[in-house]
Amino acid sequence: MFNSKAAIPLFLILALVFIGFGDQFLPQPMRSASFNTRVALDNWMTNSFTVWKPKTNPNARTERAIDQQESGKNP
């Protein structure tokens, strides 16, 4: 009757179409829901990667070498 293995890919495709293109062809209540969902997902993805902060400064050694070179001191 209803195959749940076939429903998962179908649901994912419908969700992607709703999020990606729903605000272009759906009626108004669904259009704003699609737009708001896309904005919320964009913000979530953007904010999830800005939380990470490196523990070290990867440019510190280079900056010290440039400062030493400019001041005329050799290590």
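FYI, the numbering just counts along the sequence from 1.
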Please round to the nearest 0.5 Å and tell me the distance separating atom OG1 of Thr62 and atom CG of Asp67. 11.0 Å
The complete set of salt bridge (charged side-chain N to carboxylate O under 4.0 Å, His left out) pairs with one or both residues in residues 5-22, sequence neighbours excluded, reads none
Sequence neighbours left out, what pairs pass salt bridge (charged side-chain N to carboxylate O under 4.0 Å, His left out) with at least one residue falling in residues 23-48? Asp23-Arg38
Scan residues 6-17 for pairs that pass salt bridge (charged side-chain N to carboxylate O under 4.0 Å, His left out), counting only residues two or more places apart or in two chains. none
Donor-acceptor pairs under 3.5 angstrom involving side-chain atoms of residues 10-19: please list them, not counting sequence neighbours.
none

Exam field: side chain Ser34 to backbone Met30, donor-acceptor pair closer than 3.5 Å: no
Test question: given the 4.5 Å side-chain rule for I, L, V, M, F, W and Y, name all other residues clustered with Ile66, or answer none. none
Just verifying a value: how many Å separate Arg61 CZ and Thr56 OG1, rounded to the nearest 0.5 Å? 11.0 Å
Supply the members, apart from Val39, of the Ile/Leu/Val/Met/Phe/Trp/Tyr cluster built from side-chain contacts under 4.5 Å; use none for a lone residue. Phe35
